[in-house]
Each structure stands twice: as structure tokens, then as C-alpha cells.
Protein chains: 2
Amino acid sequence: MKRGEKQNTQAATGDQSIRAPHGIRELAAELGISIGTISRAMNGRPNVNPATKARVLEAAERLGYRPQQSGLSLRTGTTRTIGLLWEIPFGRENYGDAFFLSLFIGVQAQLFERGYDLTILFDRPSSGGLAEPPLGRLKDAIQRRQVDAFIIPWTRVTDARLAYCAKQAVPFTALGRSRSGGNHPWIDLDFEGAIYKATRRLLGFGHRHIGLILVSSALMQNQFIIAGYKKALAEDSTALDDKLIVQCEAIPQGGIQATDKLLGLRARPSAFIVIDSAVIVGVYVRLAELGLRCGQDISVIGGVQDNPIPEFLSPPLTCFGLDTIALGKRLAEVALFALDKDETEAERPVVAELWPLKLIARGSDGSIQ
Amino acid sequence: MKRGEKQNTQAATGDQSIRAPHGIRELAAELGISIGTISRAMNGRPNVNPATKARVLEAAERLGYRPQQSGLSLRTGTTRTIGLLWEIPFGRENYGDAFFLSLFIGVQAQLFERGYDLTILFDRPSSGGLAEPPLGRLKDAIQRRQVDAFIIPWTRVTDARLAYCAKQAVPFTALGRSRSGGNHPWIDLDFEGAIYKATRRLLGFGHRHIGLILVSSALMQNQFIIAGYKKALAEDSTALDDKLIVQCEAIPQGGIQATDKLLGLRARPSAFIVIDSAVIVGVYVRLAELGLRCGQDISVIGGVQDNPIPEFLSPPLTCFGLDTIALGKRLAEVALFALDKDETEAERPVVAELWPLKLIARGSDGSIQ
DNA sequence: CTGAAAGCGCTTACAG
DNA sequence: CTGAAAGCGCTTACAG
């Protein structure tokens, strides 16, 4: 028998033999008080007799009563749920994305702290690949009022998701900057600074030709990555060779192709900087196949990795680290700013935070041979 | 301004300047028909004038109307959402669990196909570590009626989650067997067969001392793993040495400790079988630190891995593979069996499926030196 | 084929 | 401090 299946005009006679009270009505009957008082007691409203409140709380605990989400949401117009958009490029399904996984955990932990739930809204890239962010699940969730606010990662230079949220006046926080969405709260990782540091490091090792492997140029982060790369080259008075900047799909196979492309160049690079953590898998595999030893025959610096995988490789991968759990927690906190007005009524400035990335030197890069 | 914030007794006058209709009422007014007809048209009920239905559908599409989830859920007593429990052991937050990530994607894809949503219910282990599965989020979700059914992975020999669902008459599907939960639908991976094959393989290479690294013995899968291991040894007339079976925490650090423990044994093993994919990380790191080359100085077979990481290692890891996306899809399908009665009214037998695991031979194991 | 009405479970002004 | 009542947005028998 289906839960919640009741005839339209049927009295709540409890046609099942389930002991837990099915709603506030039964709890009220049990205690001989009105449902309004139950509600006030459970929500900590001030005007409730302490003794009554204690009785209600005890009974709710004993009988396992918690307000049903649908009734609560319908009445209050709020879901106490935050939606996190997550798109999975085709061919990346089996890649255990440590970054997003940690992010989920951080976001969820902080939301839980504040009595909110997290819903992950899975989407596939639209036909344009990474160029156009998928809009389906976002629209759906807004129209169906499934969540109170969104967290939107992997921002594009122009991003229809942010624009749509802004137009619909739905609160959202971006992980990454964008030209879209107006004056919205965002947190971003300092890719410019990170890639600047990586490039300087490799130049310092004597590398003159440094390959840069990017994923879709639609991603806003690419702007900053290229800026950091160019800045380092300019400061070192090293000429920029556009051919050394290549793009590939955000999957391991993309890394294989990008590696081949870079190694086929006349001005063959002696070092690679790889941003995406799925792409680095392909790069490592391909270099091993070709018998090129990382850290000796070729230097590799591999993107943002807050997980044990880099150490697990041989040689361990030099990469960028950050505390992804902390990032997730902060993201959740910022997402809630738009919802919980009770904190302080003072106008809060729109959050715009750049998180630094820390270079973690390991064995995959070094002096030119 | 908060969405859905309306005064209690206020008419729906649209105090915001949002163009999308906020509910069925506005759409009805727009079209000059009753809300009942809108609902029937949108839900494909038979008794609607085709012309009317077309007008409704067109207007809904044009104005971006979709029934609000809370109203729908409250009325029908169904959320069209499936909850997937996911527990993250402390210390495993940054480990990108490729298996679960793929599982999410598979489950979500199939649910989407059938008009259902997926909610991932994150939980932390209870104080007992993996011994006792966490019950908090499950209870909460049931009491608040957040989902229609559950998918419950990482089953324990006795599992309070399954027992609770059974007692509350909430549909659930287990990924893994258990003694709890009565005659429930389950899908399991054939760990017994897999470990049997792995052990036979290593015995065939001449290994006489094979270490087996497990995580918590509370996990049901351990029963089958040990059974497969013992069966292979018995068939080979190789004596069982209990000391070779060690347990560790389901984190990379656990793998380091287990490796040290096994290598410290008097009857030191020349081969390892490692089940958990987070543990294998630690094993590989520790062996590399000790200068032991996998596939030469020591053989390693590493659990279930449906991701590119094993190839990414040097040497590539011999392990077990399966199509995790397909598993997720099937799990979703089975979870829906209990809910969608419209398929066929014939009594369906309770699903009980054992999925085979395929040994993928790579370079991390081989003949004893 | 369509409309009017009931009611799912909750919270919150409003009386008392 | 408490109760009675309204109404959030929807679906579905029930009349017509």
C-alpha cells in the first residue's frame, strides 16, 4: 500500500496500523490540545506555557513526530532546501570528482548546521558542450519551487543560469565569477594567482616552453588562468607562443589528445600546466605510455586537487590545494545570507571573495634536463 | 525579498512584478477556465477537450508554469523523490569516491527518465564508526515525508536502517544483502565470486601468503569476501592463516596501517587483496615509500574500481570492474517498482540480484619472484 | 467535458 | 496562554 494514500474526503481514521502519528492532528488529539499550540511549541514561539511546551516536545520525540515537509512548505512558502547545480560532461561519469564530492560534503555540513537541506541538481551539458551551461534542472526547480536558493558552480563568461535566476529574483551564489547575473554574491578560487605562481615556478626551473591545457574557453576561470600565465611570461620577458595554449574536453581522453598535440609542436614544451583534474589523468597516462618520466623528462603541474590522489601517483603530482570542505561551508553560509534575515537587519554587502590557492610542490616537476 | 512571502489572508494580487504565474490560479484566470481543468489537462487525464488541453499546455509552456512541488506533494501524499543514503566516514571527505559518484549519476538518470527526483541524504557514521549505520537522516526523512522510497547502500550484517524502514512500511531497496529488513528487494555485487577469482589468480601465480585487507566486519560484504577467499584457499589446499586477514578504517590512512601490519607478519604475504578503493590509495603510497614495486616485489589486486584511476597508476592496478552507471539505473528501477503500480498489476517478485564483477588484469600483480 | 468544492498538513494572525 | 479558523497550491470525486 502506498504511503499517504488516503481517500479524498475520508476522515483521518488511521486505516493503517502504523503507530507513529501521521500528522499534527493526531498528536493534538493524543495530548488533548489544539494543533495551533503544538505548532507554536515545536517552533519555539514565545507565547506557550513552558509545561505545555515540554509535554508537546516529549510527545513528539516519543512518537517520532516531525512536521511534514509538504505542509510546512506550502504554508510558509519556503523549503529550507538549497539547490546545488552539478553538470556532468559526457565521458566524465566514472571520474570520481573529488573536488565536487568534498564541496557537497562541506555545503551539506553547514546547511545541516542551520537546519537546511541540500539538493544536488544533476544536469548534462546542453548540445553545445561546456559552451552553454545546462538550464533545464534550474528552470524546473524554480518553477516547481523546489528550493529556496541556488549554488551555481563552473560559471561561464556569460552564463544563462545566473541571468535566469536574476530575472526570476531567485537568490543564488556563484562559485566563480561571471559577466551575467548582475551584482550577485560569488566566491571564486584565485586561478590567476595560482597559474601565475605555477608559471613562475616552471620558468624558474629553466623551462622556456610551457604548455597550458585548458578546458572550454566558455568557463570564466579560463580568463584568469590565461591572465596569470601571460603575466608570468611577461614579467620573465619570455615570448608568448599561442600554440602552447590548448583546449580539450574535460575528460581523461581530452588530456591524452592535448598531450599529443603539445608534444607534436615544433616548439615542443618541456613543461605542462593542467587545470582540470579529470584531464590530468589522461595526461599522466599518455606521458607514461610515451615513456616520458614526469619530473625528469617533462614537468607537470596539475590543477586544483584537494585529495590524496596526487600523492598516490608516481611521481607524486605537484598541484594546487585548498580546503574544499571549508569552501563548501562558506558557500552554504553565503547562500543562506539571502534567506535568513534574522541575523542582523543591517544591510549586508554582497559577498565577493577570492580564495587563494596554495602550491603544493611534489615530484612531478623540476629543472629542465 | 523572500519568495513566497505572502500575508496570511491576502488575496493573490501579485505584489511582485514577476511575470511567471505563481500558481494554477493565475493560469486559470489567464485562460478563463477553472483550475480543475488546468490540472486535468496538465496531468493527461482523459476527460479533457483536446482543444482545451492544447491551450493549457501552450500557456503553461509560454508562461513557465509547473505545479508547485509542495502543493502537489501535500495533495497526493507523494513526493516523486527517491532518497539515497550516503555516509561519509571521517577522514574520507576528500577522497573522490568514484563508485558513489557514478552510482548517483546512474540512479539519477533513470529516475529522471521516470519523472522522479533523487535526493542524496548525507550522513556521518555514528559513534560506533562503521559498526552501526547512521540512522538520523533516514528517520528524519521518513518523519518529514521527504521521499517516497529509499536506496540504502553499504548494508551491514544487521542493519537498523533496513529494520526501521520495514517497521515504518517505507519502501526501500538495498545495495547489498543483510539479515535485517525482512524480505526486501536488493541488488548486490558478487564479492564472493570476485575475491574467489582474485585469490585463485594469486595462488596460480605461486603466492602462498595472501593478505586480505577489509574494512569494518559489520559490513555484510565482508562475509562474502571472506567466504570467497577461504573457498579458493581450500580448493588449492592452502592453509588458512587468520593473521593474513586484517581490518582497517575505510580511509587511505587505514591502508597504510594495514600494509605495515601485514608486512610485519612473520609469514609475510607476497600479495595483497584490497577491497576498499580509499584504502588502496594508502596501500599504494605505503608500498612505494617502502620501495616495494607492485607487480614485481609484491602483488596487489585492488577491489572494485569503475574509473580511470587504476590505469593512472604505475603500474596500472589489477582490480574488479563493473558498469556502475548501469547498476545505478537498475537500482532506481527497482526502487520505483514499489511505487508505480500502473505498470502491471501482476504481483511482482521481490528483486534479488547478484551482479558479477569482472577481473581486469593490469600490471600490479604477477608471479612470485 | 467542465466547474465548484473539499481537503491534504501545516502556521499564524486574531479572539478570548 | 490557548483555540478556532483561514488559507498556502494542488488534485480529484462529484455534479451538471
Side-chain angles (χ1 to χ4, degrees), chain A residues 2-13 15 20-29 31-56 60 65-80 143-146, chain B residues 2-13 15 20-29 31-56 60 65-80 143-146:
Chain A
K2 218 156 161 182
R3 272 197 309 151
E5 203 168 58
K6 271 185 198 167
Q7 279 312 310
N8 196 19
T9 315
Q10 183 196 333
T13 45
D15 58 332
H22 260 28
I24 197 171
R25 211 121 238 153
E26 288 91 313
L27 189 61
L31 292 171
I33 58 180
S34 75
I35 61 166
T37 301
I38 303 268
S39 176
R40 282 186 291 262
M42 297 217 41
N43 289 296
R45 291 281 171 280
N47 46 355
V48 182
N49 185 320
T52 310
K53 183 174 171 181
R55 280 183 64 214
V56 169
Y65 171 75
R66 298 265 277 125
Q68 293 189 26
Q69 187 61 52
S70 57
L72 198 153
S73 288
L74 182 55
R75 186 58 182 81
T76 64
T78 176
T79 61
R80 294 193 78 82
Q143 291 175 355
R144 296 164 63 197
R145 301 281 188 283
Q146 284 193 120
Chain B
K2 216 157 163 182
R3 271 195 310 149
E5 205 167 58
K6 271 183 196 167
Q7 279 313 309
N8 194 20
T9 315
Q10 184 197 331
T13 44
D15 58 332
H22 260 27
I24 198 171
R25 211 121 237 153
E26 287 92 313
L27 189 61
L31 291 171
I33 58 180
S34 76
I35 60 167
T37 301
I38 304 266
S39 175
R40 281 186 292 264
M42 297 216 43
N43 289 296
R45 291 280 171 282
N47 47 354
V48 183
N49 186 319
T52 309
K53 182 175 172 180
R55 281 183 63 214
V56 170
Y65 170 75
R66 301 263 277 126
Q68 294 189 26
Q69 187 61 52
S70 57
L72 198 153
S73 288
L74 182 54
R75 186 57 182 82
T76 64
T78 176
T79 60
R80 295 194 77 82
Q143 293 176 354
R144 295 165 64 197
R145 301 282 187 283
Q146 284 192 119

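Below, chains carry the letters A, B, ... as their sequence lines are ordered, and counting in each starts from 1.
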note = Testing C:dG9, D:dC10, C:dC10 for proximity to the side chain of A:Leu74, the answer is C:dG9
ask   = Just how far, in rounded Å, is P of D:dG3 from CG of A:Leu31?
value = 11 Å
inquiry  = Students often get this wrong, so: under 4.0 angstrom with heavy atoms, is B:Ile35 touching a base, only sugar-phosphate, or nothing?
reply    = base
ask   = Can you tell which of D:dC10, D:dG3, C:dG9 lies closest to the side chain of B:Gln68?
value = D:dC10
message = Go nucleotide by nucleotide along DNA chain C from the 5' end; which of A:Gly36 and B:Gly71 gets its closest nucleotide reached first?
response = B:Gly71
task = Output yes when at least one side-chain N/O atom of B:Thr37 is less than 4.0 Å from OP1 or OP2 of C:dT2, else no.
result = no
ask   = Counting side-chain heavy atoms from CB outward, which of C:dA4, C:dC10, D:dT2 is closest to A:Arg40?
value = D:dT2
ask   = Hey, can you pull the residues of residues 42-50 of chain A with a non-hydrogen atom under 4.0 angstrom from DNA chain C?
value = A:Asn43, A:Arg45
Distance test, side-chain N/O of A:Thr52 to OP1/OP2 of D:dT2, below 4.0 Å = yes
ask   = How far does OG1 of B:Thr37 sit from CZ of B:Arg45, to the nearest 0.5 angstrom?
value = 13.0 Å
task = Give the nucleotide from the list C:dT12, D:dC10, D:dT2 with an atom nearest to the side chain of A:Arg75.
result = C:dT12
message = Under the rule for side chain to side chain donor-acceptor pair (under 3.5 Å), what residues qualify as partners of A:Ser73, not counting sequence neighbours?
response = A:Gln69
request  = Identify, with sequence neighbours excluded, every residue that meets side chain to side chain contact (heavy atoms under 4.5 Å, CB included) alongside A:Ile24.
outcome  = A:Ile35, A:Ile38, A:Ser39, A:Tyr65
key: Sub-4.5 Å side-chain heavy-atom contact between A:Met42 and A:Pro67   = yes
note = Output row for DNA chain D, stems defined as at least 3 consecutive Watson-Crick or G-U pairs under 3.5 Å, is C:1-3 with D:14-16, C:5-12 with D:5-12, C:14-16 with D:1-3
message = At 4.0 Å (heavy atoms only), tell me whether B:Ser70 reaches a base, stays on the sugar-phosphate, or touches nothing.
response = nothing
message = Holding to salt bridge (charged side-chain N to carboxylate O under 4.0 Å, His left out), I want the full list of residues that pass it with A:Arg144, two or more places apart in sequence or in another chain.
response = A:Asp140, B:Asp117
ask   = In whole angstrom, what separates A:Gln143's CD from D:dG9's C1'?
value = 15 Å
request  = Report the distance from atom CZ of A:Arg25 to atom P of D:dA4, rounded to the nearest whole Å.
outcome  = 10 Å
Under 3.5 Å, side-chain donor or acceptor atoms of residues 48-56 of chain B against the rest of the protein: list the pairs with distances, not counting sequence neighbours.
unit_1, atom_1, unit_2, atom_2, d
B:Asn49, OD1, B:Ala51, N, 2.8
B:Arg55, NH2, B:Leu31, O, 3.0

message = Please report the interatomic distance CG(A:Leu72) to CG(B:Leu74), rounded to the nearest 0.5 Å.
response = 11.0 Å
request  = Could you state the atom-to-atom distance from CZ of B:Arg55 to P of C:dC1 in whole Å?
outcome  = 15 Å
key: Rounded distance (nearest 0.5 Å) linking atom CD of B:Gln68 with atom CD of A:Gln143   = 10.5 Å
query = Roughly how many Å is it from NZ in B:Lys53 to C1' in C:dC1, rounded to a whole number?
reply = 14 Å
task = With rounding to the nearest 0.5 Å, note down the distance linking CD in B:Gln146 to OG1 in A:Thr79.
result = 10.0 Å
request  = Calculate the interatomic distance between A:Ile24 atom CD1 and C:dG9 atom C1'; express it in whole Å.
outcome  = 8 Å
ask   = Rounded to the Å, how far apart are A:Ile38 CD1 and D:dG3 C1'?
value = 12 Å
